[in-house]
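First up is the structure itself, then whatever we jot down about it.
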Protein chains: 2
Amino acid sequence: MSMLLDERRESILKIVENKGFVSLVDLMDSVGASESTIRRDLEYLDGIGQIRRTRGGAAYSGESLSTFEDRSFMSSRQKRQVAQAVANMISPGEAVLMDGGTTTLEVARQLAGKQLQVVTNSLPIANLLVNQPQIDLMLIGGFLFPKTGVALGKTAVESLKSVHVRRLIISVGGITEDGLYNSNMLLVETEQQMFEAAEEVIVVTDSTKFGHSALAYLCPLDTVDHIVVDDGITEEWKDVIRKAGIELTVVET
Amino acid sequence: MSMLLDERRESILKIVENKGFVSLVDLMDSVGASESTIRRDLEYLDGIGQIRRTRGGAAYSGESLSTFEDRSFMSSRQKRQVAQAVANMISPGEAVLMDGGTTTLEVARQLAGKQLQVVTNSLPIANLLVNQPQIDLMLIGGFLFPKTGVALGKTAVESLKSVHVRRLIISVGGITEDGLYNSNMLLVETEQQMFEAAEEVIVVTDSTKFGHSALAYLCPLDTVDHIVVDDGITEEWKDVIRKAGIELTVVET
DNA sequence: ATTGTTTCTGAAAGTTTTTGATGGTATTTT
DNA sequence: AAAATACCATCAAAAACTTTCAGAAACAAT
């Protein structure tokens, strides 16, 4: 049973998505290729983010919503410090709009205990804050994306039109001189509506995102009021940000 | 039955989340690994904060899941059987609207694996289904109620106006000859809009609810198409339901 | 068609990680 | 205090992973 390379990889992908977890041996069986070949396929599919390699086989990467495996670049210590800095900017009684993402989730964690009104389209953030008695929580509905657990699409955009908050806290996939980027068209569409709803935009990110763009263009730099980042950021980028009239907070870690 | 490392750990996590507490011996049994291995897994999961190790086993450390308290009268076994009966009525590919509540949550659990479109305003249900690759999940937004984790209010009602599904699955606080009741005005308001969105209304409940009303009137009996209940229901009530032209499914337990 | 080039494949050797078992230490129970 | 139970550290075997290499297959150009 000989198979084309792409055909085989497609087939592996389907099996993994279907079963959730597959062992390497199972794949050898059902695809009819050698161990080495399957390994290489898994390596490739993991590289493009379609699956997650695990010892002994592969797992569907859609399950990665839980903190089970968080392979972001910032260490969790760094991330927590950056998140703390953002949380400190929020005054009691404020209305805050929060985008999804692991960094904003960490911010949410630091907000616990404050008296606030929080609006979010992120399921993990909602989970975290729903039982905080001091926090009024409003959920933005829409189609839920498995990987990240955020609500997107027409419904989300429509709901956001009737929202007005003091601050928006958002994270991005990339920043260049031209502006901000994120990885997904639907995500960007929803986030653009978020800008309309907020008086002030705070971007939380890590220093590795500077200089990199991503699939979808989000907005020009001047849409942003404030950027909070770890101290890995270069002097050049500090200049770029400040010259664009954006307030910059660099968190020492 | 040999299991992949990550698969096993995820499986342990699920068991712990589900039961609240599990002994080490139980885990050895149900995942089929040695004491050492389970210990190491627990150590790891505790390390990343997903569970709490305790002498003799592990406990769930979760932020939200356990806080949706289960104050229903039905035993969990009974409830699961009733939920199973409801889940069996749903055909693949269907669009289902699901209300919040511990019974409907159990139904959601039984729906896992089916290919479906699910619309819900319940945070716990969304959590449960968001990582099911076969399920398209749409979240209804609104103000989140801490105790139950459901989204209610004007936003929820508005969002529901653009929803159309085959079936609505709903639970109630009380049933009398006059109709259905629930405990909260906002809840009722949202649920009334749900009726508009569905072709067929299925009520899941336990037999103790018959003859009791509650704070807020929801709808007359003839709004309902189908009631599923445990076998504690009296003959008198069976008559009432059938005479109202409602299909009745009594689940033997 | 043939030759040279590149990519893909399967096998083997060597390295790392995981696993279950064992014996010893802590903690709880009787 | 003794017994029972649970925990921890260590170790050799097993399983899984990486690297490397030579042959096969695909591709391009003559």
Side-chain angles (χ1 to χ4, degrees), chain A residues 1-64 66-73 75-77, chain B residues 1-62 66 131 133:
Chain A
M1 188 224 292
S2 97
M3 244 184 185
L4 264 48
L5 181 143
D6 277 344
E7 192 182 346
R8 191 185 56 230
R9 288 182 177 169
E10 193 78 24
S11 164
I12 290 177
L13 195 53
K14 278 221 182 73
I15 296 177
V16 174
E17 281 181 353
N18 210 8
K19 294 199 170 187
F21 272 106
V22 202
S23 80
L24 200 124
V25 184
D26 279 1
L27 283 173
M28 284 169 64
D29 259 18
S30 46
V31 170
S34 77
E35 187 185 321
S36 302
T37 301
I38 303 284
R39 277 191 201 290
R40 279 186 274 252
D41 286 343
L42 295 185
E43 190 181 4
Y44 170 78
L45 289 169
D46 180 273
I48 61 171
Q50 296 286 69
I51 63 166
R52 211 161 41 87
R53 268 190 96 177
T54 68
R55 175 156 274 259
Y60 178 58
S61 58
E63 325 246 331
S64 64
S66 65
T67 36
F68 200 71
E69 197 180 349
D70 180 359
R71 45 161 136 37
S72 108
F73 289 99
S75 76
S76 59
R77 179 179 192 77
Chain B
M1 188 237 285
S2 96
M3 245 186 185
L4 307 187
L5 181 145
D6 271 11
E7 187 181 13
R8 191 187 56 230
R9 287 182 177 168
E10 199 117 16
S11 165
I12 290 177
L13 193 53
K14 281 221 181 75
I15 295 177
V16 175
E17 280 183 358
N18 212 8
K19 296 199 171 185
F21 174 86
V22 205
S23 80
L24 200 127
V25 185
D26 278 0
L27 283 174
M28 285 170 63
D29 254 21
S30 45
V31 305
S34 76
E35 187 185 322
S36 304
T37 301
I38 302 285
R39 277 191 200 289
R40 277 185 278 249
D41 286 344
L42 295 185
E43 189 182 4
Y44 170 79
L45 289 169
D46 180 275
I48 62 170
Q50 295 289 76
I51 63 168
R52 238 182 37 245
R53 274 189 88 178
T54 66
R55 173 157 271 261
Y60 184 62
S61 69
S66 58
N131 283 315

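The sequence lines fix the lettering, A, B, ..., with proteins before strands; numbering per chain opens at 1.
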Report task. Would you check, one step at a time, whether the test side chain to side chain contact (heavy atoms under 4.5 Å, CB included) holds for B:Asp41 with B:Leu27? Result -> CA-CA 11 Å; B:Asp41 286 344; B:Leu27 283 174; over 6 Å; no
Query raised in the report: So which heavy atom on A:Arg8 is nearest to which on A:Ala33, and how close?
Result: CD-CB, 4.1 Å
Query raised in the report: OH of B:Tyr44 versus P of C:dT18: gap in Å, rounded?
Result: 10 Å
Query raised in the report: Any donor-acceptor pair under 3.5 Å joining the side chain of A:Arg39 to the base of C:dG10?
Result: no
Query raised in the report: Is the shortest side-chain N/O distance from B:Ser34 to OP1 or OP2 of C:dT19 below 4.0 Å?
Result: no
Query raised in the report: If you find the nucleotide of DNA chain D closest to A:Ser36 and the one closest to A:Val25, which residue's nucleotide is nearer the 5' end?
Result: A:Val25
Report summary line: Rounded to whole Å, CD of B:Glu43 lies from C1' of C:dT19 at a distance of 14 Å
Report summary line: OH (B:Tyr44) and CD1 (B:Ile12) are apart, to the nearest 0.5 Å, by 12.0 Å
**Report entry** Listed nucleotide nearest any side-chain atom of A:Arg40, set C:dA26, C:dT19, C:dG10
**Finding:** C:dG10
Report task. Nearest whole angstrom, please: distance from the C1' of C:dT9 to the CG of A:Leu27. Result -> 17 Å
Requested in this report: Please determine if a side-chain N or O atom of B:Arg8 lies less than 4.0 Å away from the OP1 or OP2 oxygen of C:dT19.
Outcome: yes
Report summary line: First and last nt of DNA chain D near chain B, cut-off under 4.0 Å to heavy atoms, 5' to 3', are D:dA6 to D:dC8
Report task. Could you tell me the separation between the CE atom of B:Met28 and the P atom of C:dG20, rounded to a whole number of Å? Result -> 9 Å
Requested in this report: Quick one: label B:Thr54 by what it contacts on the DNA or RNA (base, sugar-phosphate, nothing), any heavy atom closer than 4.0 Å.
Outcome: sugar-phosphate
Report task. Please report, rounded to the nearest Å, how far the C1' atom of C:dC8 is from the CD atom of A:Glu35. Result -> 17 Å
Query - Length of the CG-C1' vector between B:Leu4 and C:dT17, whole Å - result: 14 Å
Requested in this report: Could you tell me whether a side-chain N or O of B:Asp6 sits under 3.5 Å from a main-chain N or O of A:Thr54, the two making a donor and an acceptor?
Outcome: no
Query raised in the report: Whole Å only: how far is the CD1 atom of B:Ile12 from the C1' atom of C:dT19?
Result: 13 Å
